[in-house]
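In what follows, a structure is listed as C-alpha cells, so that the remarks can point back to it.
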Amino acid sequence: MSSDFKLDTINRHGYEEHEISQLNGEVASSGARSRLAFRMLDDAEKEGLRSINGTMSTKEHGSFNDRFFRGDRAATSESIGLPIRDGAKCENGSARRSGPLVSGTAYCISSCSMILLNKVVLSSYNFRAGISLMFYQNLISSVIVAVLGLCGVVSVEKLNWKLIRVWIPVNIIFVGMLVSGMYSLRYINIAMVTILKNVTNILTAIGELYIFRKHQNQKVWVAMFLMIISAISGGITDLSFDSVGYAWQFLNCVLTASYSLTLRQVMDKAKQLTRSGSLNEVSMVLLNNLLSLPFAIFSILLFGEWQYIVNADVIRMPMFWVVATASGLFGLAISFTSMWFLHQTGPTTYSLVGSLNKIPISIAGLLVFNVPLSVPNIFSILFGLFAGIFFARAKMS
C-alpha cells in the first residue's frame with residue numbers, strides 16, 4: 001500500500017489516528033497503512049492498556065507485543081517472570097529507553113522514503129500506470145506478509161469467505177483511495193499533497209458527526225477552519241497548479257474519509273467472523289492487499305493500462321524496478337514500524353509525531369524535485385503544516 005500512508009481517523013474507542021499517513025500516505029497508501037495501526041488499540045485495551053498514553057505493566061507489555069511478533073523471546077521471558085541477570089536487566093532497560101527513538105525514526109524514514117520513491121516512479125520516470133504500480137506494490141506486500149505468517153514471525157488471522165464478503169466494500173474504497181493517491185501524487189508536488197490531505201480530517205469529522213453523532217470540541221473546528229484556509233490559499237498560490245491533479249486529490253480525500261468511516265462500521269462484524277474474535281493490523285494488511293489484486297487486474301484491463309505497460313520503455317529499465325520495488329517495501333515497512341512505534345509510545349505521541357513528520361516530507365519533496373515556489377505559496381504550506389499540528393493537539397485536549 002503506499003503513504004504516506006497515515007496513517008487520521010478515530011477508532012471506535014475514541015482515539016485519534018492522524019496521517020501518518022498519511023503522508024497513506026503516504027501518500028494515500030502510506031496513509032492507509034498508518035490508519036490501520038490504530039485498530040490494534042482495540043486489542044491493546046483488552047491486553048491491559050490503562051491510559052491514553054498506552055502505559056502497560058511489564059507482563060501486559062510482553063503479552064501485547066507477542067500478539068503480533070510471536071518470536072519475541074525477551075517479552076515472553078518477562079511476561080512469565082523468568083529470572084534475568086543484572087547485565088540482561090541493564091541491557092533491557094537501555095533497549096526500553098531507546099525503543100521510542102529507534103521505532104519513531106524507523107517510522108518517519110519509512111514514510112518519507114515511500115512517498116519520495118513513489119513520486120520518483122510517477123513523475124521522474126513519467127510512469128502513467130498508477131493502477132499497475134498499486135498492483136505490483138500490493139502483490140509484494142501480500143507475498144511478504146503471507147510468508148512471515150507461515151514462518152510464525154507475525155500473527156495472521158485465517159481468512160474465510162464470510163470475512164471476505166464483509167470486507168469487500170471496505171476494500172473497494174481502499175483500492176480507489178490508493179489509485180487516486182497515486183495519480184494525485186503524479187501531478188501535484190508532495191508539499192501541496194500534504195496540505196490538501198488535511199481536507200480528509202474535515203470530511204471525516206463531518207461524517208462522524210452525522211453517522212456516529214461524534215461531536216468535536218471547539219479547538220478542533222478552529223483547526224479545521226485553518227486547514228480549509230491553508231488548502232485554498234495553497235491552491236491559489238501554487239505555481240505548478242494542475243486541475244487534474246487537484247481533482248484526483250479531492251477524490252482521494254473523499255475516499256480516504258469514506259474508508260475510515262466504513263472501516264469503523266464493519267470492524268465489529270469482521271471481528272466476529274474470525275477465530276480469535278479480533279482482527280489485528282497485520283491481518284488487515286494482508287486482507288486489504290490480497291483482496292485488492294483481483295480488483296486491480298480488472299481495472300488494468302478495463303482502462304487499457306495493459307497496453308501502456310506492454311509498450312512502455314520505462315519498464316525495461318532495471319533502475320525503475322529497483323525504485324518501484326523499494327517504494328513497495330517501504331510502504332509495507334510503514335505498517336510494521338507504525339505498530340512498533342505505537343507499541344513503544346502511545347496514541348498521543350504517535351499522532352503528534354505523525355503530524356510533525358509532514359514537515360521533513362514536505363521540505364524533502366520541495367528540494368528533491370526542484371518545485372517552483374513563490375513566497376505566498378511557501379507561507380501557505382507552512383500555515384497548512386501548522387494547522388495539521390494544531391489539529392493533532394486539539395484532538396488530544
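Within the structure, the side-chain hydrogen bond (donor to acceptor under 3.5 Å, both in side chains) test picks out no pair touching residues 363-375 (sequence neighbours left out).
Considering all non-hydrogen atoms of both residues, Phe241 and Gly235 come closest at CD1-O, 3.6 Å. Between Ser184 and Val193, the closest heavy-atom pair is O-CG2, 4.3 Å. The nearest pair of heavy atoms linking Ala129 to Tyr308 is CB-CD2, 3.7 Å.
Side-chain contact check for Glu208 versus Arg264: some heavy-atom pair is nearer than 4.5 Å. Between Ser240 and Asn189, the closest side-chain pair of non-hydrogen atoms falls below 4.5 Å. Looking only at side-chain heavy atoms (C-beta outward), Phe225 and Ile202 stay at 4.5 Å or farther from each other. Met192 places none of its side-chain heavy atoms less than 4.5 Å from the side chain of Val371.
In the displayed structure, Phe250 atom CZ is contacted under 6.0 Å by at most 12 heavy atoms of other residues, nucleotides or ligands.
Glu305 and Ser132 are linked by a side-chain donor-acceptor pair at a separation below 3.5 angstrom, with hydrogens and angles left out of the test.
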Listed pairs under 3.5 Å, donor-acceptor, residues 313-326 side chains, sequence neighbours left out:
from	atom 1	to	atom 2	distance (Å)
Arg316	NH1	Ala312	O	2.5
Arg316	NH2	Val310	O	3.2
Trp321	NE1	Ile315	O	2.5
Thr325	OG1	Tyr136	OH	2.5
Thr325	OG1	Trp321	O	2.7

Using a 3.5 Å cut-off and no angle test, enumerate the donor-acceptor pairs between side-chain atoms of residues 121-128 and protein atoms at least two apart in sequence or in another chain.
from	atom 1	to	atom 2	distance (Å)
Ser123	OG	Lys119	NZ	3.2
Ser123	OG	Arg186	O	3.2
Asn126	OD1	Arg186	NH2	3.1

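At a threshold of 4.5 Å between side-chain heavy atoms, the hydrophobic network of Ile, Leu, Val, Met, Phe, Trp and Tyr places Leu116 and Leu329 in one connected group.
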Show your working on side-chain contact (heavy atoms from CB on, under 4.5 Å) between Val222 and Phe390 and close with a plain yes or no.
CA-CA 9 Å; Val222 171; Phe390 181 61; 4.0 Å; yes
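Test Thr204, Thr200, Asn288 against Tyr259 for side-chain hydrogen bond (donor to acceptor under 3.5 Å, both in side chains) and you get one pass: Asn288.
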